[in-house]
Protein chains: 2
Amino acid sequence: MISDKTVERLSQYRWLLEMHVDAQTINLFSHQLASMASVSPAQLRRDLMAIGYSGSPGKGYMVRDLTESIGRFLDGSKPTRVAVVGMGNLGRAIVSFLSGRRSHLKIVASFDTDVTKSGRVIGGSHCYSQDKLEEIIKRENISVAVLTVPSPVAQSVAEKLIDAGIKGILNYAPVPLKVPEQVYIENRDVTAALEKVAYFARQTEERE
Amino acid sequence: MISDKTVERLSQYRWLLEMHVDAQTINLFSHQLASMASVSPAQLRRDLMAIGYSGSPGKGYMVRDLTESIGRFLDGSKPTRVAVVGMGNLGRAIVSFLSGRRSHLKIVASFDTDVTKSGRVIGGSHCYSQDKLEEIIKRENISVAVLTVPSPVAQSVAEKLIDAGIKGILNYAPVPLKVPEQVYIENRDVTAALEKVAYFARQTEERE
DNA sequence: TTAGTGCTGTTATTAATTTCACAACACCTA
DNA sequence: TAGGTGTTGTGAAATTAATAACAGCACTAA
Ligand SMILES: NC(=O)c1ccc[n+]([C@@H]2O[C@H](COP(=O)([O-])OP(=O)(O)OC[C@H]3O[C@@H](n4cnc5c(N)ncnc54)[C@H](O)[C@@H]3O)[C@@H](O)[C@H]2O)c1
Ligand SMILES: NC(=O)c1ccc[n+]([C@@H]2O[C@H](COP(=O)([O-])OP(=O)(O)OC[C@H]3O[C@@H](n4cnc5c(N)ncnc54)[C@H](O)[C@@H]3O)[C@@H](O)[C@H]2O)c1
């Protein structure tokens, strides 16, 4: 089984390969890509070992080939269909950011209880009323949701999503969701992240 | 030295204590708070040990007291002054979300190169022109920055921030910043997070 | 061809983090 | 008082993650 951390780093390696390697570079050494990603060369080689990719000594890794290998591993055969639930400030920012990006992550719908938001097209995808949630998720075969609703309703909305068949949730509400273990949850609590940064920033200040 | 993970969990414990514990509850057992946070009781006890807090057997932890202990540990003596750089969709969402929250994290300024954004008050804090960055950061004694600028400029903006004296950065641009090691960086790459969720969601789908 | 160089893949080692397990303690009840 | 129950704090064990180390290969140059 492959780890959490490894998957996240693979995603980053691919992004670097696609965005930060110029077209004429056809191969790269582990220390080069590792340094772009701020990880150790050993770590990078180990991550690639996990997906069964091999470079060649003296030659390194073929950029095109490696990019595709990571893609095959991360993306699977068909695009992942994604919904964003809660089209407030954050939800809209995420939709507009992700729309028309990576073709294998498709934002196909969004949901909101607020009638001034639902029924419109926001950031390139249709925003539906929350009542339609189960229907649309099943019909559109959506497997992943981004949850950006106010925290008091996050748990109950998550349960509706899971009942409707969602298999993974990227949760921005600062509540640790309680879900059955087959559902994968990734929590992104902004306040906790900022408090962490503030704590360590103060540590370095005080060390002076 | 206290770990990364522990600090993040402490922040979460505090949030739960403040928001999810009703006023008449005066004490809690480790298994109760642990279950709210979805961690093991042993983990919780160990985290509290790290900050030198002690409960009492049979009684558990005093809610008020524990909340304050975590606060003393995380917050330090004075509020942390924070700036948001790049007032696009995401920057504005974060500012409006954080303004008027936790009093020890103060958003005191924001910055943008776009003249239609700078010079105004956005989400309760003044948005300055990017030219003023160094001046304001020094004058306002800002130690932490949230970075929400387009990724091609993220590295150069980060360097300006560090020159101006910033000690910690919460980075939303999907580039791994290269910075001197005294500066604490927390990367929040939305795409990588979503790809990770999509990957594990697919795993559970295929396991069926 | 042969020796040399510099890389990869993988095993071994070390480090970090989490969980286990249990003595010691507080409190309740009789 | 004494015995029972249920919790904490923490050393030890287990697990997980990261780093180091190195054999072996590919290529170069003489
Ligand atoms: N804005 C940020 O930067 C930010 C940062 C961190 C965390 N968050 C969290 O993300 C969540 C949303 O933040 P926001 O700033 O976008 O808030 P917001 O109030 O702007 O948006 C919330 C949206 O959810 C909708 N909504 C409410 N109940 C709903 C339901 N039951 N089903 C579907 N939609 C529902 C509302 O109509 C609204 O449009 C909150 O939990 C917040 O704590 C936001
Ligand atoms: N919107 C999202 O949900 C989201 C999610 C993940 C990551 N991101 C990342 O966050 C960043 C911002 O995203 P966004 O959607 O808010 O984009 P955006 O284009 O809406 O906002 C970017 C803002 O930065 C400003 N800017 C440009 N150059 C600047 C400079 N040198 N100094 C200061 N300000 C500058 C622009 O004027 C603009 O207001 C991007 O790197 C993006 O990849 C956004």
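These numbers come from a predicted model, not from an experiment. Proteins get letters first, then strands, A, B, ... in listed order; numbering begins at 1 in each.
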Side-chain N or O of [X] less than 4.0 angstrom from OP1 or OP2 on [N]?
X	N	result
B:Arg45	D:dG11	no
A:Ser40	D:dT19	yes
B:Gln43	C:dT19	yes
A:Arg46	C:dT13	no
A:Ser54	C:dG9	yes

To the nearest Å, how far apart are [X] [atom1] and [N] [atom2]?
X	N	atom1	atom2	result
B:Lys59	D:dT7	NZ	C1'	12 Å
B:Asn27	D:dG6	CG	C1'	14 Å
B:Asp4	C:dT18	CG	P	10 Å
B:His31	C:dT19	NE2	P	17 Å
A:Asp47	D:dA18	CG	P	8 Å
A:Tyr53	C:dT10	OH	C1'	17 Å
B:Lys5	D:dT16	NZ	P	12 Å
B:Glu8	C:dT17	CD	P	12 Å

Quiz item: What is the ring orientation for A:His20 with A:Trp15, classed by angle as parallel under 30°, tilted 30 to 60°, or perpendicular over 60°?
Solution: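 Rings of A:His20 and A:Trp15: tilted, as their planes differ by 30° to 60°.
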
Quiz item: Start at the 5' end of DNA chain D and walk down; is the nucleotide closest to A:Ser3 or to A:Ser56 reached first?
Solution: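 Nearer the 5' end of the strand: A:Ser3.
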
Exercise. Answer yes when B:Lys178 and B:Glu159 have at least one side-chain N-carboxylate O distance shorter than 4.0 Å, and no when they do not.
Key: no

Quiz item: Is any NZ, NE, NH1 or NH2 atom of the basic residue among B:Lys160 and B:Glu134 found under 4.0 Å from an Asp or Glu carboxylate oxygen of the other?
Solution: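 No, B:Lys160 and B:Glu134 are not salt-bridged.
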
Quiz prompt | B:Tyr61 side-chain proximity, nearest of D:dT7, D:dG24, D:dG9 | solution = D:dG9

Practice problem: Quick one: label A:Ser30 by what it contacts on the DNA or RNA (base, sugar-phosphate, nothing), any heavy atom closer than 4.0 Å. | Solution: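 Sugar-phosphate, no base atom in range.
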
Practice problem: Check every strand shown and say whether B:Thr6 touches a base, only sugar-phosphate, or nothing at a heavy-atom separation below 4.0 Å. | Solution: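 It contacts nothing in the nucleic acid.
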
Quiz prompt | Between A:Tyr199 and B:Phe73, ring centroids under 6.0 Å | solution = yes

Quiz item: A:Arg14 and A:Ser11: side-chain hydrogen bond (donor to acceptor under 3.5 Å, both in side chains), yes or no, with the steps?
Solution: CA-CA 5 Å; A:Arg14 172 166 66 173; A:Ser11 164; 5.6 Å; no

